[in-house]
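Here is how names work: the chains are called A, B, and so on, in the same order as the sequence lines, proteins then strands, and each is numbered from 1.
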Protein chains: 2
Amino acid sequence: MRKTTAEAQPAPSNAPGNVGDVRKANLARVLAVIAGAHSEHRLSRADIATRSKLTKASVSSLVADLLESGLIIEIGVHRDGERGRPSVGLILNPARCVIGMEINVDYISAGLVDLSGKLLTHQIVPRLNRAVNAEQVIDALSELSSQMQQAAEAQDLKILGGGLAVPGLVDEKSYTVLQAPNLGWEAQTLDVRKLLSETKTRFRLFNEANASALAQQQLMEPAERDFLFVSGEVGIGGGLIIDAELFAGPQGHAGELGHVVVQPEGKSCSCGGRGCLETVAGQEAILTAANLGVAARGVSRQQRIERLYQALESGQEPANIAVADAGKSLGVAVASAMRLFNVSTVVFGGHFAALERWLLPATTSSLRTYAPSIAGQAKLRFSPLGQTGALIGAAHSVVGDLLESPHQLVG
Amino acid sequence: MRKTTAEAQPAPSNAPGNVGDVRKANLARVLAVIAGAHSEHRLSRADIATRSKLTKASVSSLVADLLESGLIIEIGVHRDGERGRPSVGLILNPARCVIGMEINVDYISAGLVDLSGKLLTHQIVPRLNRAVNAEQVIDALSELSSQMQQAAEAQDLKILGGGLAVPGLVDEKSYTVLQAPNLGWEAQTLDVRKLLSETKTRFRLFNEANASALAQQQLMEPAERDFLFVSGEVGIGGGLIIDAELFAGPQGHAGELGHVVVQPEGKSCSCGGRGCLETVAGQEAILTAANLGVAARGVSRQQRIERLYQALESGQEPANIAVADAGKSLGVAVASAMRLFNVSTVVFGGHFAALERWLLPATTSSLRTYAPSIAGQAKLRFSPLGQTGALIGAAHSVVGDLLESPHQLVG
DNA sequence: CCATATAGTTCAGGATATAAACTAAATGGT
DNA sequence: ACCATTTAGTTTATATCCTGAACTATATGG
């Protein structure tokens, strides 16, 4: 459809603006309108023209390119009984997807996420990765990834990219996990080429909390679009979404709520510090305070957590006090974070979600004590995302990248 | 030079991309190159073409527009003894400026800042604004502003906009000071039209700490371009600069370090909370702890602060302990903030700068205790900005806005 | 006085968006 | 059966803008 005279040149990152950039921006603009329409709500070229404020002529041309790229498809004409020529529906191509993966302390997982952000299939494999060589874990995940790729092929699904989430600080450019204390990893460069056969597709590496925050973003009401996601796992991570974007900070490690100081005279933390939130509200800290510490040998963490729930249900003092203390400290940390980030919505995920009943009263009360002037507007939410949150977020973020630069797939 | 067929239409905010946008972006690009060159280093059109990666032809055309806008000027030909046609120097027009102002607890101020960010003239007028009607303060500031405008006219300086900094939370769009506890203001809408006669020029309202952070930005080394500015005045404010931009948060109130909780069992704060940094390291808190509290009636804060310095110099226990305690808590708050924002540079300004000698050891030590893993890379700096910081930052930020959208002044 | 070198301008050409005219394909009334 | 009406989508003429190449302008050096 388009005549491409200027041949594919790698385009220097800080190239100046020329008319071609307008096309790139408008391709993304049209795609954003299509993606933004509520699922299953097919838009016509005319609808897109109205919503994007581009002319029908431009939209026709842009849509032609997007069809060629395979990112969208036409879904036949729509006779709605109205007068006039029927419209041709345009939707995101359901046969395109991105593979999301996660390495966590107790499991690895992988799944396929389509362009609308829907999880199509996934698989979670329990696996103790703590203190295991990173290469071995990657090999195991590679296995899982292959299965997913075969599943995709069987359904004629084309995989456009991949994302991996790990519970630690990462350096995306070098695919390196800088620190993952709960995995016992330090400065581990991951051979992500093993995870996706197609080498030219985009692959990204995320912190688990950031990935989960990105997944949570899909579930938020417009009024709560800016929020802090607090991931309570073995460690406590955080991911901040401001203005529909992840705020990652200069090195991409922003939002680390777990090491906010909540008790200046508190216990030593694994980070070397003292009185960090993690020392009170981390999974291990809660279990220990609830008398479910490592004393019980040969009992898995999952089993100990089950016992914690039982103890809470039956109203056993140590457990209830442990969680209330965690909630109070969570309130202190959240009060500070809300002030610093200027967000009013905080979403608790991971094991915090399951503790909502016992955690929320203490956290709310603590917030009222430490930040009464903002406690009124504060919205504390608990995430419905389970173990698939991180992989969905990682994949969806890559989807977002693709939808933002569709020109890469055009012509 | 340019034929403007499409006449000035207000341009809808979310207008789609058309070829005209390329021009807007490239005007800004060229201007950024000129502004980015070290002061006094005159760039030729050819230099600009090289640095901007635009062609000489484009640059010539763009420069013509910028000359017409008055944002830049030619400064004659440059014979450097080399072969070839001599180049024509291009610099930011030194006859253009922005007026910056500040309302603080003890003074009001105004000054003229040129397009390169240099403070040309300024005036600081001591004035007790606490609990004074906002309108009266604006009237006084209006007086000062008029003097500045006359000074500008006398020097053939054209004022292109203005910025005002206040010690409190603001809502820029409505020019409202939402909260300024130290001024005793709440929900005060400022009649900023009184401050600048030209109504069509840009006028912005800033939080004092944010404005100071923007001023501090000009002084930072490239390696420390991301930083948190901590403004210690009567209250403690903060401003975060990430990626050369102010991170203001959803409502523009991010960075409020003063109400980070540093002592869960601490004193009540004016914000209604408890154990906020301000209750330990705020000016009043330090003075009180140093036995220089309000007991001494009829003594101005400035006098009490002088006495504090004397007490510190002569090694009086209560004063030294008070500042050491403040420094320790500052370390706690900064540890948390560094974790949350992922910044490694923190710049202390306001009265903290004068306390450097006594504050720094305690803060450094505290940071090592509470965040040893990042204390090594942490860079704690003290700002040389005095009372003019906020007004410079407010004005310079407006300059930045102008330089980012030069097309408004073209044609 | 001319070769050389660098700065800056002019001009033809291609890409893009826009507006208006035009074609396509339905409904509904007579 | 036929045509007016309505809406969807395409075609075409035009203007803007950047680019690359050719060209002009102005210096130095032999």
Nucleotide [N], atom [atom2] - distance to [atom1] of [X] in whole Å:
| X | N | atom1 | atom2 | value |
| --- | --- | --- | --- | --- |
| K24(B) | dC18(D) | NZ | P | 13 Å |
| L90(A) | dA8(D) | CG | P | 13 Å |
| E74(B) | dA7(C) | CD | P | 15 Å |
| N18(A) | dT16(D) | CG | P | 18 Å |
| L62(B) | dT19(D) | CG | C1' | 13 Å |
| D47(A) | dG9(D) | CG | C1' | 12 Å |
| L54(B) | dG8(C) | CG | P | 15 Å |
| R45(A) | dT23(C) | CZ | P | 19 Å |

>> For a quick check under 3.5 Å, do D47(B) and T50(B) share a side-chain donor-acceptor pair by atom type?
In response: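 Result is no, nothing qualifies.
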> Among all residues two or more places apart in sequence or in another chain, which pass the salt bridge (Lys or Arg N to Asp or Glu O under 4.0 Å) test with D171(A)?
Replying inline: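 With neighbours one apart ignored, the set is empty.
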To the closest 0.5 Å, what do you measure between [atom1] ([X]) and [atom2] ([Y])?
| X | Y | atom1 | atom2 | value |
| --- | --- | --- | --- | --- |
| F203(A) | R193(A) | CZ | CZ | 12.0 Å |
| I91(B) | E74(B) | CD1 | CD | 11.0 Å |
| L43(B) | R51(B) | CG | CZ | 5.0 Å |
| R96(B) | D156(B) | CZ | CG | 9.5 Å |

>> Tell me which one of L71(B), I73(B), L31(B) satisfies side chain to side chain contact (heavy atoms under 4.5 Å, CB included) with L92(B).
In response: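 Only one option passes, and that is L31(B).
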So, OP1 or OP2 of [N]: does either fall under 4.0 Å of a side-chain N or O from [X]?
| X | N | answer |
| --- | --- | --- |
| R23(A) | dA17(C) | yes |
| S44(A) | dG9(D) | yes |
| N26(A) | dA17(C) | yes |

>> Need to verify one output field. Residue with the more 5' nearest nucleotide on DNA chain C, S87(B) or V19(B)?
In response: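 Taking each residue's closest nucleotide, the earlier one in sequence belongs to S87(B).
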>> One character per nucleotide, please: for nucleotides 20-30 of chain D, 5' to 3', B when the base has a protein heavy atom closer than 4.0 Å, S when only the sugar-phosphate does, - otherwise.
In response: B----BBBBS-
>> Please classify the nucleic acid contact of V88(B) as base, sugar-phosphate, or nothing, using heavy-atom distances under 4.0 Å.
In response: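 If one applies the 4.0 Å heavy-atom cut-off, V88(B) turns out to touch the sugar-phosphate alone, with no base involved.
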